[in-house]
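Along the sequence shown, residues are numbered consecutively beginning with 1. The figures that follow rest on heavy atoms only: side chains count, while hydrogens, waters and symmetry mates do not.
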Amino acid sequence: MRSGEELDGFEGEASSTSMISGASSPYQPTTEPVSQRRGLAGLRCDPDYLRGAFGCLKVAQVILALIAFICIETIMECSPCEGLYFFEFVSCSAFVVTGVLLIMFSLNLHMRIPQINWNLTDLVNTGLSTFFFFIASIVLAALNHKTGAEIAAVIFGFLATAAHAVSAFLAAQKWRVSLRQQSASDYIRARTESRDVDSRPEIQRLDTFYYSINVKVKKKLPVSPLNQWQLA
């Protein structure tokens, strides 16, 4: 049996060996700073967005769509009911989709998903909401029975249409500006890459070397129609 000193020495060697193997192993546990972890803990409301034109319009769109949906839900009898059902679907869809976009923009959640073109997404949503709210309001106004709930739903439907139309106009302008900035940045990047390639001395030396070899070969070969065709 081994003595206590031998066991202590063996345990020390084993621990040092495990530390060395763990340092060189590719399966060591990775540590990540807490500030770089992405989660819902660092969410903060963006008051600048809510005070701006897009934020105010988004809040107005959500409120108007919700009021229009509540007004249409208070109607108990309808004949025909197709216009009412269509208006109910449009108001509910606009409330849900615009509400989700409002949450994404006000909490800066869209910055964590850069793969999506959020300017184009906002433009498509506001454009479709404007079109369908306008059609649904006209249909409901033509088929209503002059009740208070139907008249209120039509009024708030047209107000939601106007709010979505203004937002769509601003979103279209913002999308055009982003396209111009992207094209300008791509042009600057391409110019920078071309300048970097031209400024590399090794590439210039290779071009000069190949050019000199081509000239020497042309001088050594006898001049004939075949050689002229091959070296042209």
Side-chain angles (χ1 to χ4, degrees), residues 39-178:
L40 300 178
L43 292 181
R44 291 183 180 179
C45 183
D46 188 4
D48 295 333
Y49 175 79
L50 296 177
R51 296 192 194 101
F54 286 98
C56 294
L57 286 172
K58 280 283 183 296
V59 173
Q61 292 164 14
V62 171
I63 294 174
L64 292 173
L66 177 60
I67 295 176
F69 178 74
I70 293 174
C71 291
I72 207 69
E73 285 296 316
T74 57
I75 300 174
M76 299 299 177
E77 297 179 0
C78 61
S79 179
C81 298
E82 288 78 8
L84 187 145
Y85 293 154
F86 181 63
F87 188 91
E88 179 183 7
F89 171 76
V90 171
S91 58
C92 181
S93 301
F95 169 73
V96 172
V97 177
T98 308
V100 171
L101 290 177
L102 176 62
I103 294 174
M104 295 288 291
F105 291 143
S106 60
L107 297 180
N108 288 328
L109 291 175
H110 65 289
M111 302 296 293
R112 304 190 180 187
I113 313 176
Q115 295 82 7
I116 300 177
N117 190 341
W118 292 103
N119 294 329
L120 183 59
T121 302
D122 189 23
L123 175 60
V124 171
N125 173 62
T126 52
L128 292 177
S129 299
T130 301
F131 175 76
F132 285 113
F133 248 125
F134 182 69
I135 298 299
S137 300
I138 290 178
V139 172
L140 185 62
L143 300 178
N144 65 23
H145 298 84
K146 309 285 185 180
T147 62
E150 289 178 339
I151 295 174
V154 170
I155 292 174
F156 284 105
F158 282 116
L159 290 177
T161 302
H164 282 90
V166 175
S167 182
F169 176 74
L170 296 178
Q173 288 186 338
K174 186 177 181 180
W175 180 59
R176 290 177 183 176
V177 171
S178 65

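- For Phe134, the CZ atom is loosely surrounded, since the number of other residues' heavy atoms within 6.0 Å does not exceed 12.
- Pairing each heavy atom of Phe133 with each of Ser91, the nearest pair is CZ-CA, 3.7 Å.
- For the atom pair CZ (Phe131) and OG1 (Thr126), the distance works out to 14.0 Å, reported to the nearest 0.5 Å.
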- prompt: When you look at Asn108 and His110, which way does the side-chain contact (heavy atoms from CB on, under 4.5 Å) test go after all the steps?
  reply: CA-CA 5 Å; Asn108 288 328; His110 65 289; 3.8 Å; yes
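- Across every non-hydrogen atom of Cys71 and Phe156, the tightest pair is SG-CD1, 4.3 Å.
- Rounded to the nearest 0.5 Å, atoms CZ (Phe69) and OG (Ser93) are 9.5 Å apart.
- Within the 3.5 Å criterion, the main-chain N or O of His164 finds a donor-acceptor partner in the side chain of Thr130.
- Within the model, atoms CD1 of Ile70 and SG of Cys92 stand 11.0 Å from one another, a figure rounded to the nearest 0.5 Å.
- Taking a 6.0 Å sphere around CH2 of Trp175, one finds it holds 12 or fewer heavy atoms contributed by other residues, nucleotides or ligands.
- Here the CG atom belonging to Leu57 is positioned 11.0 Å from the OG1 atom belonging to Thr98, to the nearest 0.5 angstrom.
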side-chain contact (heavy atoms from CB on, under 4.5 Å) evaluation trace for Lys174 with Asp122: CA-CA 10 Å; Lys174 186 177 181 180; Asp122 189 23; over 6 Å; no
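- To the nearest 0.5 Å, atom CZ of residue Phe132 and atom CZ of residue Phe86 are 6.0 Å apart.
- Checked against side-chain hydrogen bond (donor to acceptor under 3.5 Å, both in side chains), Ser167 has the following partners two or more places apart in sequence or in another chain: Gln61.
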message: Run the side-chain contact (heavy atoms from CB on, under 4.5 Å) test on Trp118 and Ile113 for me, step by step, so that the C-alpha distance in whole Å, both residues' side-chain angles and the decisive distance to 0.1 Å come before the verdict.
response: CA-CA 9 Å; Trp118 292 103; Ile113 313 176; 4.1 Å; yes
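- Taking both residues in full, the closest heavy atoms of Ile75 and Ala149 are given as CG1-CB, 3.7 Å, listed atom of the first, atom of the second, then distance.
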- prompt: Tyr85 and Glu88: side-chain contact (heavy atoms from CB on, under 4.5 Å), yes or no, with the steps?
  reply: CA-CA 5 Å; Tyr85 293 154; Glu88 179 183 7; 4.0 Å; yes
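- Atom CD1 of Ile72 is separated from atom CD1 of Ile67 by 14.0 Å, given to the nearest 0.5 angstrom.
- The two atoms that bring Pro47 and Cys45 nearest to each other are CD-O, 3.1 Å, heavy atoms only.
- Cation-pi geometry between Lys58 and Tyr49 is not met: the NZ or CZ atom fails to fall both under 6.0 Å from the ring centre and inside 45° of the normal.
- A pairwise comparison of heavy atoms in Leu50 and Ser106 identifies CD2-CB, 3.9 Å as the closest pair.
- Nearest heavy atoms, Ala168 versus Leu123: O-CD1, 3.5 Å.
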